[in-house]
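The structure under discussion appears below in the form of structure tokens.
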Amino acid sequence: MLRPLDRRQLIARLALVGLGGTGLGALTACQARHTHPQNARPTSHAMRYRNGAVAADHPLASEVGVDVLRAGGNAIDAAIAVNATLGVVRPYSCGLGGGGFLVAHDEKTGRSWAMNARETAPRGVWESYFTDLRSSGGPDGASRYGGHAVAVPGTPDGLFLAHRAHGTMPMSRLLAPAAELARHGFEADASHVGAVESLAGVRRRLPWTKTISQWTWRQWCHEGTVTVGSKLSNEALAETLETLGRKGIEAWRTGPIPEGLSRIARASGGKLNVDSIAEYRADEIEPLTLKNRFFGDTIITMPPPSSGGIAIAQILATYERLLKAAGNPPLESTQGRHLLIEAMKPAFALRARYLADPAFAPVPIDRLLDEALVESMTAKIDPNRARTAEEIGEGLQLPDDEGTSHLCVIDGQRRAVAWTSTINGTFGSLVGDPESGVLLNNEMDDFTTIQGEANLYGLRQSDWNLPVPGKRPLSSMSPTILLNDRGSIEAIAGASGGPRIISATLQVLLGMRYGDLDAASAIDRPRVHHQWLPDSIRYEDDEALEGPGWRAPLEAMGHTFDQAPRGVAVVQAIRVHSDGFDPASDPRKLGVAAGY
Ligand code: DON
């Protein structure tokens, strides 16, 4: 048996080979490659905190959150400070130029709350925008890089909405640690160096991106010379954060900040405009709550425009039935893995067909969560054989008469927050504004950009997800909270990693609740992912950890594995035990959790 720390170091080392791109020459914000396992400091293995805990994917961000809790802030205050800090110390993953989803629950009042701060398509785009761009000779990869890829950011309004709704400390205080780090700097870790290498690869493959990524390349990559320990700072971003702290959200909606962002995006052809930035509003929404849906637990998670909540609920409900029918095999057994992968396939096929922004498309949420559908999905799964993508696609119809950094916080009053934020790909659109220091997202690629073509994550999506001004692109972000049958918080989780967010979040929840693992062990376990198409299992190589040969019996059942192992997302989680909070951050991205 490996001791926990050895095991976590090994995972960080394996992540070096494990977190490659999608095979499409693509960059994704969670996929920074890690090179120095010795950088992975001991985490919270077996730690129990009584007063509060934070699991973010950068140690400085977790510490900022705990400082806010210690100073008397609640979980939302801490989450705001952590989110803003992540936008500085993980600039290739999230930030003011991106968007996100938040799910919160207050155990004392029994009330849940969710926030939709997803980016929107700007005024001036239309459904065939990217197809037309291609036929008129637009740049290769226009939905991924440069101004065309940029959607209207949602995170700034989200920070202020969360604060108005539940914050208690002044916004200037909550944004101050992020501003401080932006001004005085922090050290690059191996994850950052991996992101720099990824961007260097894009600039080599698509030379036209050299011009549009100039600021990002200089500011956050030091022209490719960043190494572990290099000092990174961003004075302009520090000033933007301080301005927002002093003047409020109005400073984002009108004036030099939106003017600069719009100018820089439009310089490479995009449609981002000051009106769209001014009219953007994050929404307070009801989370998707599924009572007693998973081994008796209640799942509180994100509804559309995320596909994550629905997919997690479908997969867990299907998998629970399959596990029971198979006599509760261990998750790591051939049977356990086979059933999980088979449960993933139809959920992702349904995602491809039915999911989009419900404000613009008739998403049949109730029918997608109907017990009868789960029963029929379960009944079609063969306990001994892998089904092909065609088989799943064909049999899959709803009845005709019916339709990137993640953070977790819990405070001493048992208020829990799960918040996933994204700029989509690594360094988003690559376009950043020197005046405000803000890097802009490439969330337009989460729309169905060219009909019939897969996106950055190999996902095929329906026409319901075509871009329209004001519409939010379909997402996989899945901030999730689990309550037990007495209504007590059991677990908080979420991830970065495109569609792998869904499979990784649910595997960590399974590890904690079905496998009874502490949060770090549940996160450390190797994961699998199947998204219907491509019809192949993405996997983390656990031969070194669990013994060789685990894939052969699955191959004999008809499963196909990717040619090489790659990372399956980056998860942060907190498990609540009777003797305290147990937070853990993913060693795959060198995160370290904190508590007190
Ligand atoms: O919303 C989504 O589903 C994607 N924009 C998430 C991207 C992501 O997790 C990047 N990390 N690898």
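Just the heavy atoms: all of them, side chains too, but no hydrogens, waters or symmetry mates, feed the values below. Counting starts at 1 for both ligands and their atoms, following the listed order.
Within the 4.0 Å heavy-atom criterion, the part of R118 lying near ligand 1 is the side chain and not the backbone.
Remark: R118 does not engage D357 in a salt bridge, criterion side-chain N to carboxylate O under 4.0 Å. A salt bridge links R90 with D189; the closest basic N to acidic carboxylate O contact falls under 4.0 Å.
Of all the atoms in ligand 1, the ones that sit under 4.0 Å from a non-hydrogen atom of T422 are 5 (N), 6 (C), 7 (C). Counting the atoms of ligand 1 from 1 in the order shown, those under 4.0 Å from a heavy atom of S476 are 1 (O), 2 (C), 3 (O). Proximity to T404 (heavy-atom distance under 4.0 Å) selects the following atoms of ligand 1: 6 (C), 7 (C), 8 (C), 9 (O), 10 (C), 11 (N). Those atoms of ligand 1 with a heavy atom of S496 less than 4.0 angstrom away are 9 (O). Residue contact check: I501 has heavy atoms under 4.0 Å from atoms 9 (O) of ligand 1.
With hydrogens and angles disregarded, a donor-acceptor distance shorter than 3.5 Å links the side chain of Q531 to the backbone of Y457.
Between H192 and F427, the angle of the ring planes goes over 60°, which puts this pair in the perpendicular group of the 30/60° scheme.
Between L474 and ligand 1, no N or O atom pair is found at a separation short of 3.5 Å.
Counting heavy-atom neighbours within 6.0 Å of R266 CZ, excluding the residue itself, gives a total above 12.
At least one side-chain heavy atom of L86 sits less than 4.5 Å from a side-chain heavy atom of H58.
The closest approach between any non-hydrogen atom of R500 and ligand 1 is not below 4.0 Å.
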